[in-house]
Amino acid sequence: MYNSSAVGKSANTQAGNRFFVYEVVGLSQNTESVQNNSPIRRSGSMLITVPYDRMNQEMRRIAKMGGKIVSIRPLSEAAEAIANANGSKKNTVAEAPQAEPQSQPSKPMTQAKDKKAKAKAKAKDIPVNIYKPKNPYIGKCLSNEALVREGGSGRVQHLVFDISGGDLRYLEGQSIGIIPPGEDEKGKPHKLRLYSIASTRHGDNEDDKTVSLCVRELVYQHPETNETVYGVCSSFLCNLNSGDDVQITGPVGKEMLLPDDEEATVIMIATGTGIAPFRAFLWRMFKEKHEDYQFKGLAWLFFGIPYTANILYKEELEQLQKEFPENFRLTYAISREQQNAQGGKMYIQDRIAENAEEIWQLLQKDNTHGYICGLKGMEDGIDAGMSAVTSKQGIDWSDYQKQLKKAHRWHVETY
Ligand code: FAD
């Protein structure tokens, strides 16, 4: 189930030809790096170019010599050629291209690239609020299937709605609003609740006529009366029968969109129903066939659930993993069944901590995107795991993460 070998190899192979530039401070000019002509910048820092497969080793070497890495940047295509020409022989620290001095730590994307990405997003046709709460689309429930198997906890349903009678369209990573019928305690119509879309823009039947959701029924004991309370909208949805009407608004959301880059590395971190947008991503990447999008990159899904029986879309995920072992890596954190290194429950943050070195290396490529979706609060543990790795190199994870977010490469939707 937990497979790290096959795709890990592909990730290395894919990145094996790539180079990264470390900006290092604190190395004396007599060090080996200087003898290898690593340029000294006006700021006193030094640029060292390192092939992907030697990144860890080089980090350790620099630390041993008392150096501190203040930034890591992927080498541009042109600079890669220079580095290759200068000899990227094993154990060689090649000469880095001259760069303007920079006072800031690592920049995941240049300003020009950032601007370009923004312009691209603007130019891209992202549908938003085609149906507003005052005039919702009335869809029909086509199917409502249980996703939690026997022995699992709670109730999560996969719902498919017919949207063929209107103009509703959407992209992977967006959400729709559902207005439950009835009124709230103040006698006003219920407000809409948002749900991440679990299907691709083409829908589960690939005919552009449906939209799917993955909904957990909210059930809790009232803290004072101890009565069992069922969430208004989630229980309405989980109890739908085929043929029932549903008021739909939206779509909304630009945060969780999938990059167009077919070579991208897409790291997805989900808990529970947070799998919804990633199911859409994975279907688009691997299940559907498109003229204009043929995914050749690496998709790595971390999925946190309490029990094996709670692995939503288990068969689909494992089938894709079987079919595309070089491009899809699947890592579960099954909290009530697996143990972390300390012998405690295996939560998503433990899996991130285990793999943080590799995630960090992948994030050095400027076409790597990180996505987090699911339970509110799950970010803290993930940040802690990443921070433990970056701090070894003197890099503040929260600063780095801010830069990733600015570059539209770190995407978070928790609820
Ligand atoms: P409500 O009837 O609105 O009850 C919720 C309220 O119950 C809470 O505000 C709180 O006051 C109270 N409450 C909840 N738990 C407890 C407790 N343990 N003790 C005491 N009080 C409590 N949900 C999904 O299932 N799938 C999705 O894909 C999904 N995607 C989302 C995407 C986004 C962008 C957002 C913002 C939310 C998403 N949600 C998703 C959550 C969803 O919008 C609803 O919030 C959820 O279904 C609960 O709505 P409800 O009407 O059933 O609950």
Side-chain angles (χ1 to χ4, degrees), residues 126-129 133 136 139 141 144-148 152-161 170-200 203-204 210-240 246-258 268-283 301 303-306 310-313 316 371-379 411-415:
I126 303 169
V128 180
N129 281 322
C141 176
N144 180 0
E145 285 169 27
L147 290 171
V148 177
S153 73
R155 190 171 170 222
V156 183
Q157 301 292 117
H158 180 71
L159 292 132
V160 182
F161 302 121
Y170 58 90
L171 296 177
E172 300 75 21
Q174 290 195 296
S175 301
I176 51 170
I178 300 288
I179 307 175
E183 293 169 346
D184 61 20
E185 66 275 13
K186 291 180 192 148
K188 294 203 166 143
H190 281 302
K191 293 210 164 73
L192 69 85
R193 269 71 163 174
L194 290 176
Y195 293 91
S196 307
I197 296 170
S199 51
T200 73
D204 284 359
T210 65
V211 62
S212 305
L213 299 181
C214 169
V215 179
R216 160 171 288 275
E217 185 175 40
L218 173 65
V219 185
Y220 63 93
Q221 304 305 125
H222 193 284
E224 281 151 27
T225 64
N226 210 30
E227 256 179 290
T228 302
V229 183
Y230 291 89
V232 172
C233 193
S234 58
S235 57
F236 159 70
L237 287 168
C238 289
N239 290 319
L240 281 175
V246 188
Q247 299 187 76
I248 302 174
T249 67
V252 295
K254 293 181 182 171
E255 172 64 23
M256 297 288 284
L257 299 177
L258 185 62
M268 300 163 275
I269 306 172
T271 50
T273 54
I275 190 71
F278 305 142
R279 177 182 185 263
F281 287 8
L282 293 166
W283 270 49
L301 172 66
F303 191 10
I305 50 293
N310 280 90
I311 301 174
L312 312 172
Y313 307 108
E316 285 180 23
Y371 291 84
I372 297 178
C373 190
L375 290 177
K376 217 174 203 103
M378 66 184 279
E379 304 101 292
H411 316 258
V412 180
E413 192 155 271
T414 54
Y415 45 83

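Atoms within a ligand are numbered from 1 in the order they appear, just like the ligands themselves. Scope of the values below: all heavy atoms of this structure, side chains included, with no hydrogens, waters or symmetry mates. If you're wondering where the values come from, they're calculated on a predicted model, not measured in any experiment. Counting from 1, the numbers follow the sequence of the chain as shown.
Regarding atom 6 (C) of ligand 1, its nearest protein heavy-atom neighbour is Leu218 CD2, 4.3 Å. Looking only at protein heavy atoms, the nearest one to atom 26 (N) of ligand 1 is Cys214 O, 2.9 Å. Closest protein heavy atom to atom 38 (C) of ligand 1: Leu194 O, 3.1 Å. The nearest heavy-atom contact from the protein to atom 25 (O) of ligand 1 is Arg216 N, 2.9 Å.
Among Ser196, Cys373, Gly177, Ser234, the residue whose heavy atom lies nearest to atom 30 (N) of ligand 1 is Ser196. In this structure, of Arg193, Lys376, Met256, the residue bringing a heavy atom nearest to atom 45 (O) of ligand 1 is Arg193. Taking all heavy atoms of Phe236, Tyr220, Tyr415 into account, the minimum distance to atom 16 (C) of ligand 1 is reached by Tyr220.
The aromatic rings of His411 and Tyr371 sit parallel to each other, their planes meeting at less than 30°, with 60° as the upper class boundary.
Residues Tyr415 and Thr273 bring a donor and an acceptor atom of their side chains to less than 3.5 Å of each other. With hydrogens and angles left out, the side-chain atoms of Trp283 and Glu316 include a donor and acceptor closer than 3.5 Å.
Rounding to the nearest 0.5 Å places CG of Leu282 at 4.5 Å from CE of Met268. Here Thr271 contributes atom OG1 and Asn310 contributes atom CG; the two are 12.0 Å apart, rounded to the nearest 0.5 Å.
Contacts of Phe303 classified as ring-ring contact (aromatic ring centres under 6.0 Å, His included), with partners at least two apart in sequence or in another chain: none.
At a heavy-atom cutoff of 4.0 Å, ligand 1 is contacted by both the backbone and the side chain of Val232.
Among the atoms of Ser175, none of the N or O lies under 3.5 angstrom from an N or O of ligand 1. The shortest N or O to N or O distance between Tyr195 and ligand 1 is below 3.5 Å.
Close contacts between ligand 1 and Val215 involve ligand atoms 25 (O) [criterion: under 4.0 Å to a heavy atom]. Proximity to Glu413 (heavy-atom distance under 4.0 Å) selects the following atoms of ligand 1: 34 (C).
A distance-only check finds a donor-acceptor pair linking the side chain of Gln174 to the backbone of Pro127 [under 3.5 Å].
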Donor-acceptor list for residues 177-186 side chains, cut-off 3.5 Å, not counting sequence neighbours:
residue, atom, partner, partner atom, Å
Asp184, OD1, Lys186, N, 2.9
Asp184, OD1, Gly187, N, 3.2
Asp184, OD1, Lys188, N, 3.0

